[in-house]
Amino acid sequence: MWKASHQQVYRELNKLAERGAVTYRLEPQVGKPDKKVYTITPVGTEVLEAWFIKAPKLAPPRDEYVARLLSCEVLDPAPMLEHVNNLIAESQQLLNHYALLELREYGQDAQLTQKQRLMRLALRRSIHQRRAWMAWAQEVRDELTMLATSA
């Protein structure tokens with residue numbers, strides 16, 4: 001969903017515990033500090049529900065690729081072309097991984113639990129998003145290639 005460091009996650013869990021939204025129990029581990037296993041409380045369920053019923057805001061895109069693309073007006077586009085080619089290759093690998101994951105985890109549609117169906121929908125969003133990125137990157141690649149050959 002988004003990247004968060006372990007420190008950020010644990011900071012938020014500690015805040016939730018202070019507010020009574022979660023509790024935790026310590027699970028002893030060999031050679032490591034005790035592991036905290038968190039459980040949502042009734043207060044936490046109320047907080048989650050209050051957050052859930054609010055309409056989500058669509059975050060404004062912050063896209064470094066677009067910023068770099070626009071720099072091609074005054075800079076040699078060759079590095080951008082390389083970045084885009086790398087993006088296309090990475091995207092294809094990721095799409096292949098997603099396809100295998102979807103088939104392995106969610107291939108038996110009739111037998112999926114509610115949680116599995118929701119997880120599959122989250123995965124499908126990533127698939128659609130990555131496909132859109134690839135289509136855009138291929139357009140950029142084609143256009144930059146054409147600009148480079150006409151220069």
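Along the sequence shown, the residues carry numbers beginning at 1.
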Note to self: Among residues at least two apart in sequence or on other chains, which ones pass salt bridge (Lys or Arg N to Asp or Glu O under 4.0 Å) with Lys36?
What the structure shows: none
Next item on the list: Go through the steps to decide whether Lys15 and Glu12 satisfy the test side chain to side chain contact (heavy atoms under 4.5 Å, CB included), and finish with yes or no.
Entry: CA-CA 5 Å; Lys15 288 179 192 175; Glu12 293 302 318; 3.3 Å; yes
Using a 3.5 Å cut-off and no angle test, enumerate the donor-acceptor pairs between side-chain atoms of residues 69-79 and protein atoms at least two apart in sequence or in another chain.
from	atom 1	to	atom 2	distance (Å)
Ser71	OG	Ala67	O	3.1
Asp76	OD1	Ala78	N	3.1

Margin query: Quick one: does any side-chain atom of Thr41 pair with a main-chain N or O of Ala21 as donor and acceptor, under 3.5 Å?
Written below: yes
Item checked: Tyr24, OH atom: more than 12 neighbouring heavy atoms under 6.0 Å -> no
Margin query: Test side chain to side chain contact (heavy atoms under 4.5 Å, CB included) on Arg120 and Glu102; report intermediate values, then the result.
Written below: CA-CA 7 Å; Arg120 182 185 61 189; Glu102 184 177 25; 4.1 Å; yes
Item checked: Distance-minimising heavy-atom pair for Glu105 and Gln116 -> O-NE2, 4.3 Å
Next item on the list: Evaluate the side chain to side chain contact (heavy atoms under 4.5 Å, CB included) criterion for residues Asp34 and Glu27: first the C-alpha distance (whole Å), next the side-chain angles of each, then the deciding distance (0.1 Å), finally the verdict.
Entry: CA-CA 5 Å; Asp34 292 346; Glu27 234 178 53; over 6 Å; no
Next item on the list: To the nearest 0.5 angstrom, please state how far the CD1 atom of Ile127 sits from the NE2 atom of His97.
Entry: 10.0 Å
Checklist line | Stepwise side chain to side chain contact (heavy atoms under 4.5 Å, CB included) test for Leu121 and Tyr106 | finding: CA-CA 10 Å; Leu121 288 171; Tyr106 312 112; over 6 Å; no
Margin query: The criterion is salt bridge (Lys or Arg N to Asp or Glu O under 4.0 Å); which residues satisfy it with Glu143, sequence neighbours excluded?
Written below: none
Margin query: Using every non-hydrogen atom in the two residues, find where Arg124 and Arg131 come nearest and quote the distance to one decimal.
Written below: NH2-NH1, 4.2 Å
Margin query: Side-chain heavy atoms nearer than 4.5 Å, only ILVMFWY residues, links allowed to pass through others: does that put Val9 and Leu16 together?
Written below: yes
Item checked: No-hydrogen, no-angle side-chain donor-acceptor test under 3.5 Å, Glu18 and Asn14 -> no
Next item on the list: Treating Ile, Leu, Val, Met, Phe, Trp and Tyr as nodes and any side-chain heavy-atom pair under 4.5 angstrom as an edge, say whether Ile40 and Tyr10 lie in one connected cluster.
Entry: no
Notebook entry, point to check: If two hydrophobic side chains count as joined below 4.5 Å and joins carry through other members, does Leu147 share a cluster with Ile88?
Noted result: yes
Check: Is the backbone of Thr23 close enough, under 3.5 Å, to the side chain of Thr39 for a donor and an acceptor to pair up by distance?
Finding: no
Checklist line | Exceeds 12 heavy-atom contacts within 6.0 angstrom, atom CD of Gln29 | finding: yes
Margin query: Applying salt bridge (Lys or Arg N to Asp or Glu O under 4.0 Å), can you list everything that pairs with Arg68, at least two apart in sequence or on another chain?
Written below: Glu64
Checklist line | Which atom of Leu87 lies closest to which atom of Ala137, heavy atoms considered | finding: CD2-CB, 3.8 Å
Note to self: Taking Trp136's backbone N and O only, do any of them form a donor-acceptor pair with Glu139's side chain (distance below 3.5 Å, no angle check)?
What the structure shows: no
Margin query: Within this structure, what is the CG-CE distance for the pair Leu101 and Met119, rounded to the nearest 0.5 Å?
Written below: 8.5 Å
Notebook entry, point to check: Residues two or more places apart in sequence or in another chain: which of them pass salt bridge (Lys or Arg N to Asp or Glu O under 4.0 Å) with Arg117?
Noted result: Asp109
Margin query: Rounded to the nearest 0.5 Å, what separates atom OG in Ser91 from atom CZ in Arg130?
Written below: 4.0 Å
Margin query: Contact between Trp133 and Asp63 at the side-chain level, heavy atoms closer than 4.5 Å - yes or no?
Written below: yes
Next item on the list: Output the distance between atom CG (Leu81) and atom OG1 (Thr145), rounded to the nearest 0.5 Å.
Entry: 4.5 Å
Check: With Arg141, which residues qualify under side chain to side chain donor-acceptor pair (under 3.5 Å), at least two apart?
Finding: none
Notebook entry, point to check: Are there more than 12 heavy atoms of other residues, nucleotides or ligands under 6.0 Å from atom NE2 of His6?
Noted result: no
Next item on the list: Report yes or no: do Leu13 and Leu48 belong to one cluster of Ile/Leu/Val/Met/Phe/Trp/Tyr joined by side chain heavy-atom distances under 4.5 Å?
Entry: no
Next item on the list: Can you measure from CD (Glu90) to CG (Asn85) and round to the nearest 0.5 angstrom?
Entry: 11.0 Å
Next item on the list: Look at the side-chain heavy atoms of Ile, Leu, Val, Met, Phe, Trp and Tyr, link any pair under 4.5 Å apart, and say whether Leu26 and Val22 land in one connected group.
Entry: yes
